[in-house]
Amino acid sequence: MALPIVLLTLRIIFIFFFLNRKQDIAFGARGTWFLKDWLYLLHEFDMTWGKDGTQDFGQMTMTKFTIVPTFVSTAVKDVWAKPHFRLVYR
């Protein structure tokens, strides 16, 4: 009984990894400007390229640039200071 379960598992792994052929590559950078002790300006730049199935690589692309004002209630100049509140508008 264990052999059919192993074969079924191997078949699922084969289908998932070899027939799906989805690939993504992402690159990004993030920085912080300290305007005041309690006010930061976060900025982030991301680029993503992808391929799905038999498409050529690069058919799916995304570029994102973000600037986010951030309030830190503890007034500590540290990127790991918590809690912080971001103002986001979409």
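As a basis for the values below, the full set of heavy atoms in this structure was taken, side chains included, without hydrogen atoms, waters or symmetry mates. When a residue number appears, it is its place in the shown sequence, counting from 1.
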Check whether W33 and V72 end up in the same hydrophobic cluster, where Ile, Leu, Val, Met, Phe, Trp and Tyr are linked by side-chain heavy atoms less than 4.5 Å apart.
-> no
Does F71 reach the side chain of L39, with side-chain heavy atoms less than 4.5 Å apart?
-> yes
Could you tell me whether the side chain of Y40 and the main chain of D78 form a donor-acceptor pair under 3.5 Å?
-> yes
Looking at T32 and H43, what are the two nearest heavy atoms and their distance?
-> N-CE1, 3.6 Å
Cluster question for you: counting only ILVMFWY and a side-chain heavy-atom cut-off of under 4.5 Å, with indirect links fine, are I67 and M47 together?
-> yes
Is there a path of hydrophobic side-chain contacts, each under 4.5 Å between heavy atoms of I, L, V, M, F, W or Y residues, that connects F85 with L35?
-> no
Mind listing the closest non-hydrogen atom pair of T74 and A81 along with its distance?
-> OG1-CB, 4.1 Å
Same cluster (ILVMFWY, side-chain, under 4.5 Å), V79 and L42 | no
Spacing of D46 atom CG and K64 atom NZ [to the nearest 0.5 Å] | 4.5 Å
What pair of heavy atoms forms the shortest contact from T66 to V68, and how long is it?
-> CG2-CG2, 3.3 Å
Linked, directly or transitively: V76 and L41 (ILVMFWY side chains, under 4.5 Å) = no
Give a yes or no on whether K36 atom NZ has more than 12 heavy-atom contacts from other residues, nucleotides or ligands under 6.0 Å away.
-> no
May I ask you to check whether over 12 heavy atoms, not counting those of F27, lie within 6.0 Å of atom CZ?
-> no
Which pair of non-hydrogen atoms, one from R30 and one from R86, has the smallest distance, and what is that distance?
-> NH2-NH2, 2.8 Å
